[in-house]
S.K.: 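One structure coming up, written as structure tokens, with questions to follow.
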Amino acid sequence: MLSQAEIDIYHADGLVIPDLRLGDDTVAAMRRLMDEMLRDNPGLSTDFVPGLVEQDDRWLEFVRLPIILDAVSQLIGGDFLNWCSSLFGKPARVGKETPWHQDGEYWPIRPLATCSAWIALDPASPENGCMRYLPGSHKEAKLKPHTVALGDDKTLERGLADADAAEAKGRDLILEPGQFALFDVFTAHGSHANRSDRRRAGVVFRYMPTSSLFDYDIAVRHSEELGRPANTFRQLHLMRGVDQCGRNDFDR
């Protein structure tokens, strides 16, 4: 479980690295599943693979790890679901930059509320493009202006308009395999390209309180604006408690 000091850091900074760690066997199993998925699906991007659970429900074993769920429940309450699981592979030498952004810019969740667990499968450092985050950027609980059309050398279509200010004050998220960070939906973050000889693979599991709605109609509108596939393929899986809003669709 998280200590009170760790909970306080999460609320103050919008991100915390708990004094918790996944076991070596768990990390090795996740790596094997990742390698199998990339081997069997050569068309997938090694930089970013969304929808791990939708592609292979064996990922649910890891999405449901009690060590993660116990911590998440302390931050967003006892009623929550998983709606997203993604691989961020960032291969050696060619791993793309992820522009500074807030996740809520892309997500069809109303009201916006999510706690993300970023789990390191490889060592993550500034040399291989670890995530960077802007402490306290979540406090206003609102989206900042984003710009459009950032280029093919980046993983996202939009990024913070004031990215230089975020970069100047950002912190590196340095992790060892098995460590994980928990961060808020409004926390600004990004990462540099990987020009090192070491891969920087990690997975991210997204949890939202069931007092919020995953709105598939908003997902369609987002896809039309961005010219890319919508989030309508996302499956919702209740992790703990009940669906408080009573409208989340668990049957897709």
S.K.: Is the side chain of E36 donor-acceptor paired with the backbone N or O of R31 at a distance under 3.5 Å, no angle test?
M.R.: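 No; judged by distance alone, with no hydrogens or angles, the pair does not exist.
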
S.K.: Return the minimal non-hydrogen interatomic distance between A113 and M208, and the atom names on each side.
M.R.: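 Closest heavy-atom pair between A113 and M208: O-CB, 3.2 Å.
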
S.K.: Check residues 245-252 and write down every donor-acceptor pair under 3.5 Å in which the side-chain atom is one partner and the other belongs to a residue at least two apart or another chain.
M.R.:
from, atom 1, to, atom 2, distance (Å)
N248, OD1, F214, N, 2.9
N248, ND2, S212, O, 3.0
N248, ND2, D243, OD1, 2.9
D249, OD1, D251, N, 2.9
D249, OD2, R252, NE, 3.4

S.K.: Which residue pairs satisfy the salt bridge (Lys or Arg N to Asp or Glu O under 4.0 Å) criterion with at least one member in residues 166-177, sequence neighbours excluded?
M.R.: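 Those involving residues 166-177 are D13-R171, R132-E167, R132-D172.
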
S.K.: Are the side chain of T210 and the backbone N or O of V242 linked by a donor-acceptor pair below 3.5 Å?
M.R.: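 Judged by distance alone, yes, a pair lies under 3.5 Å.
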
S.K.: Give the other cluster members for M131, using side-chain heavy-atom distances under 4.5 Å between Ile, Leu, Val, Met, Phe, Trp and Tyr residues; answer none if it is isolated.
M.R.: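 L15, I17, F48, F88, W118, Y133, L173, L175, F183, V204, all in the cluster of M131.
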
S.K.: Determine whether a donor-acceptor pair (N or O, by modelled atom type, separation under 3.5 Å) exists between the side chain of D184 and the backbone of F186.
M.R.: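 Looks like yes, one N/O pair under 3.5 Å.
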
S.K.: Would you say the side chains of Q4 and D8 form a donor-acceptor pair under 3.5 Å?
M.R.: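 Yes, because at least one side-chain N or O of Q4 sits under 3.5 Å from a partner of the opposite role on D8.
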
S.K.: Cluster partners of V220, using ILVMFWY side-chain heavy atoms under 4.5 angstrom, listed by chain and number?
M.R.: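 Via sub-4.5 Å side-chain contacts, V220 links to none.
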
S.K.: Show the numbers, then the answer: is there a side-chain hydrogen bond (donor to acceptor under 3.5 Å, both in side chains) between R198 and S125?
M.R.: CA-CA 10 Å; R198 294 187 296 113; S125 69; 3.0 Å; yes

S.K.: How close do A181 and P18 get, heavy atom to heavy atom, and via which atoms?
M.R.: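 The answer is CA-CD, 4.4 Å.
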
S.K.: Using only atom types and a distance under 3.5 Å, with no angle test, would you say the side chain of H237 pairs donor to acceptor with the backbone of V53?
M.R.: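 No: the side chain of H237 does not pair with the backbone of V53.
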
S.K.: Look at the side-chain heavy atoms of Ile, Leu, Val, Met, Phe, Trp and Tyr, link any pair under 4.5 Å apart, and say whether L236 and F80 land in one connected group.
M.R.: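 Each belongs to a different hydrophobic cluster.
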
S.K.: Between H11 and I9, is there a donor-acceptor pair closer than 3.5 Å when you use the side chain of the first and the backbone of the second?
M.R.: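 Pair absent, no side-chain N/O of H11 close to backbone of I9.
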
S.K.: How does the hydrophobic cluster around I218 look, that is, which other residues are in it when side-chain heavy atoms under 4.5 Å mark a link?
M.R.: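 Under the 4.5 Å side-chain rule, I218 groups with nothing.
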
S.K.: Quick check against the 3.5 Å criterion: does E97 have a side-chain atom that pairs as donor or acceptor with the backbone of T155?
M.R.: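 Not confirmed, E97 side chain does not pair with T155 backbone.
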
S.K.: Sort and list the pairs that fulfil salt bridge (Lys or Arg N to Asp or Glu O under 4.0 Å) and have at least one residue in residues 79-90, not counting sequence neighbours.
M.R.: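 Residue pairs with at least one partner in residues 79-90: there are none.
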
S.K.: Where is the tightest heavy-atom contact between P111 and S211, given as atom of each residue plus distance?
M.R.: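 Reported closest heavy-atom pair: CD-O, 4.3 Å.
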
S.K.: Could you list all the salt bridge (Lys or Arg N to Asp or Glu O under 4.0 Å) pairs where at least one residue sits in residues 185-194, not counting sequence neighbours?
M.R.: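 Found none.
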
S.K.: Can you name the residues that form a salt bridge (charged side-chain N to carboxylate O under 4.0 Å, His left out) with R199, not counting sequence neighbours?
M.R.: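 Only D35, D122 meet the salt bridge (charged side-chain N to carboxylate O under 4.0 Å, His left out) criterion with R199.
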
S.K.: State, to 0.1 Å, how close T46 and P91 come at their nearest heavy-atom pair, and which atoms those are.
M.R.: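 For T46 versus P91, the nearest heavy atoms are OG1-CG, 3.4 Å.
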
S.K.: To the nearest 0.5 angstrom, please state how far the OG1 atom of T26 sits from the CD1 atom of I119.
M.R.: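 T26 atom OG1 to I119 atom CD1 measures 10.0 Å (nearest 0.5 Å).
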
S.K.: Scan side-chain atoms only and decide if S45 and D47 contain a donor-acceptor pair under the 3.5 Å cut-off.
M.R.: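 Checked: S45/D47 side chains show no N/O donor-acceptor pair below 3.5 Å.
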
S.K.: Sub-3.5 Å donor-acceptor pair from the side chain of R21 to the main-chain atoms of P177, do we have one?
M.R.: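 Checking the backbone N and O of P177 against the side chain of R21, a donor-acceptor pair under 3.5 Å is found.
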
S.K.: Restricting to side-chain hydrogen bond (donor to acceptor under 3.5 Å, both in side chains), what partner residues turn up for R234, sequence neighbours left out?
M.R.: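 Checked R234 against side-chain hydrogen bond (donor to acceptor under 3.5 Å, both in side chains); matches are N231.
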
S.K.: If the condition is side chain to side chain contact (heavy atoms under 4.5 Å, CB included), which residues does A29 pass it with, not counting sequence neighbours?
M.R.: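 Once residues adjacent in sequence are excluded, the partners of A29 under the side chain to side chain contact (heavy atoms under 4.5 Å, CB included) criterion are R32, F62.
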
S.K.: Short question: side chain of S137, backbone of A188 - any donor-acceptor pair under 3.5 Å?
M.R.: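 Answer holds: yes.
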
S.K.: When you measure from the side chain of N128 to the backbone N and O of A124, does any donor-acceptor pair fall under 3.5 Å?
M.R.: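 No, the answer is negative, given that no donor and acceptor are paired below the 3.5 Å cut-off.
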
S.K.: Would you say the rings of H101 and H146 are close, in the sense that their centroids are separated by under 6.0 Å?
M.R.: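 No - the distance between ring centres of H146 and H101 does not fall below the 6.0 Å cut-off.
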
S.K.: Going by salt bridge (Lys or Arg N to Asp or Glu O under 4.0 Å), name the pairs with one or both residues in residues 104-114, residues two or more places apart or in two chains.
M.R.: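 Qualifying pairs, neighbours excluded: E105-R158.
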
S.K.: Quick one: do R206 and S116 satisfy side-chain hydrogen bond (donor to acceptor under 3.5 Å, both in side chains)? Show the steps, please.
M.R.: CA-CA 4 Å; R206 318 281 192 184; S116 296; 2.8 Å; yes

S.K.: Going by the rule side chain to side chain contact (heavy atoms under 4.5 Å, CB included), which residues pair with A166 if we only count those two or more places apart in sequence or in a different chain?
M.R.: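 Testing A166 for side chain to side chain contact (heavy atoms under 4.5 Å, CB included), a comparison that skips the adjacent residues, returns W100, L134, L160.
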
S.K.: How long is the span from the OG atom in S73 to the CD1 atom in I68, to the nearest 0.5 Å?
M.R.: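 Output value for this atom pair is 12.0 Å.
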
S.K.: Kindly determine whether L52 and V63 satisfy side-chain contact (heavy atoms from CB on, under 4.5 Å), including the steps that lead there.
M.R.: CA-CA 10 Å; L52 299 183; V63 170; over 6 Å; no

